[in-house]
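To start, the structure itself, in structure tokens.
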Number of protein chains: 2
Amino acid sequence: MAIKESLRPGGRSARVQTSVHQAVKDLLGEVERSELTIPAVAARAGVTPSTIYRRWGTLQDLLADVAVERLRPDGEPADTGSARGDLDAWLEQFVDEMASAPGRAMTRDVLACTAGAAPQCSAFTRRQIETIAARAAARGEPAVDIDAVMDHVVAPIVYRIMFDESPPGDAYRRALLDRVRPAGR
Amino acid sequence: MAIKESLRPGGRSARVQTSVHQAVKDLLGEVERSELTIPAVAARAGVTPSTIYRRWGTLQDLLADVAVERLRPDGEPADTGSARGDLDAWLEQFVDEMASAPGRAMTRDVLACTAGAAPQCSAFTRRQIETIAARAAARGEPAVDIDAVMDHVVAPIVYRIMFDESPPGDAYRRALLDRVRPAGR
DNA sequence: TCGCTAACGCAAAATATTTGCTTTTGTAGG
DNA sequence: CCTACAAAAGCAAATATTTTGCGTTAGCGA
């Protein structure tokens, strides 16, 4: 079932959405994944299970909905004065978040959902890089190839995080960046 | 629950495993995903649901188990006479399989499983490339950088398939390959 | 062939999901 | 501000699923 986007924006609906999301976030940190059931979320949120079933359909879709919210960047990437510095700083934080156990779990939730959650997350990432690219252009630096960063920096890192056990280290991260944008530029 | 690896190798256990796997494959092509339940699989396979619950734990783990089997390559990559040709031919088939609706679904199933199914699939891919690399070495061609192929060819393709809607086209695929191994070499 | 025990079957109990109907409450229009 | 409408929530009964205890089957080694 697709996640409903256009529901009543204010009042009770909004309160239910908030309390259900909060309940999921709370329980994710308190109980095992196998105990994270819709009835449990409903009880914690103070709503009836049928409300969640009707609005989100399945636990997977609810988890994906929450994960997308949490993966949404809270602000712009830090401005370090150069494109390389911006990319380096942003990437370090990105890797830390994505490689952490909660980050991996959220990414799994997002991928498991068939209703367009993954493209949304990919778009978040791209937008951050676009911001960095725009800043570089404003400074008169050589253009940042956004697709190259997505394909040859972001993709290998995400692939390794999701398909291998070992998290990418600092050296690996810098090497990828060097490949699309030589150090110091 | 982890997928059990060491169970009695022959006889009834093996028959149950086979019929359950076959039932899953059949149903994947016949019914909607939401109707693909453990009781349905059990009925089709001619076993009781509790057998499946005890052996695989959850539907997700069962689906991942089946998906790993289906994603396992049936043979070695074709020998075209050159590393570039081998990579090109192998990659075309890889993209076709992974970008198809069943391929995407299987990959999702594999990623959703927490019990090491994803590294296994990644290893399948790497091994195919290793075979191509070994052949290239035997021919006296310049070395094939296996990590580079994984990071800069496989990863971007898989990332695009899983995180974007649009499947990677032929031109894109060749461009990635050109980047790690110039055309014709 | 015999004994041991892993794996299966069965059925009851516990949980989770769906569904029809009622009630509450945002929202738009007067 | 009030009223009518409909979306969303609550409630509870019906259904479906998952879990569990226990008896049975059948691989496997001696």
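Each chain gets a letter, A, B and so on, in the order its sequence line appears, and its residues count up from 1.
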Is the phosphate of [N], meaning OP1 or OP2, less than 4.0 Å from a side-chain N or O of [X]?
{"X": "B/Arg15", "N": "D/dG27", "value": "yes"}
{"X": "A/Tyr53", "N": "C/dT18", "value": "no"}
{"X": "B/Thr48", "N": "C/dC8", "value": "no"}
{"X": "A/Thr51", "N": "D/dA9", "value": "no"}
{"X": "A/Arg55", "N": "D/dA9", "value": "yes"}

Could you state the atom-to-atom distance from [atom1] of [X] to [atom2] of [N] in whole Å?
{"X": "A/Leu36", "N": "C/dA16", "atom1": "CG", "atom2": "C1'", "value": "14 Å"}
{"X": "A/Ile52", "N": "D/dA9", "atom1": "CD1", "atom2": "P", "value": "10 Å"}
{"X": "B/Glu35", "N": "D/dT15", "atom1": "CD", "atom2": "P", "value": "18 Å"}
{"X": "B/Arg12", "N": "C/dC8", "atom1": "CZ", "atom2": "C1'", "value": "4 Å"}
{"X": "B/Ile38", "N": "C/dT15", "atom1": "CD1", "atom2": "P", "value": "18 Å"}

| query | Do the non-hydrogen side-chain atoms of A/Tyr53 and A/Thr58 ever get within less than 4.5 Å of each other? | reply |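 A side-chain contact is absent here, since even the closest heavy-atom pair is not under 4.5 Å.
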
| Any side-chain heavy atom of A/Leu176 within less than 4.5 Å of one from B/His152? |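 They are in side-chain contact.
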
| task | Under the salt bridge (Lys or Arg N to Asp or Glu O under 4.0 Å) rule, collect the residues that match up with B/Asp147, sequence neighbours excluded. | result |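 By the salt bridge (Lys or Arg N to Asp or Glu O under 4.0 Å) rule, B/Asp147 matches B/Arg126.
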
| said: Let's test your reading of the model: under 3.5 Å, does the base of C/dC10 pair with the side chain of B/Ser50 as donor and acceptor? | reply: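 Yes.
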
| field | Side-chain ion pair, A/Arg70 and A/Asp109, N-O less than 4.0 Å | value |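 A salt bridge is absent here (no side-chain N lies under 4.0 Å from a carboxylate O).
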
| said: Counting only side-chain heavy atoms from C-beta out, which of D/dA9, C/dT17, C/dA7 sits nearest to A/Pro39? | reply: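 Comparing D/dA9, C/dT17, C/dA7 against the side chain of A/Pro39, the answer is C/dT17.
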
| field | Proximal nucleotide (of D/dG21, D/dG10, D/dA9) relative to the A/Arg54 side chain | value |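 Nearest to the side-chain atoms of A/Arg54, counting from C-beta on, is D/dG10.
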
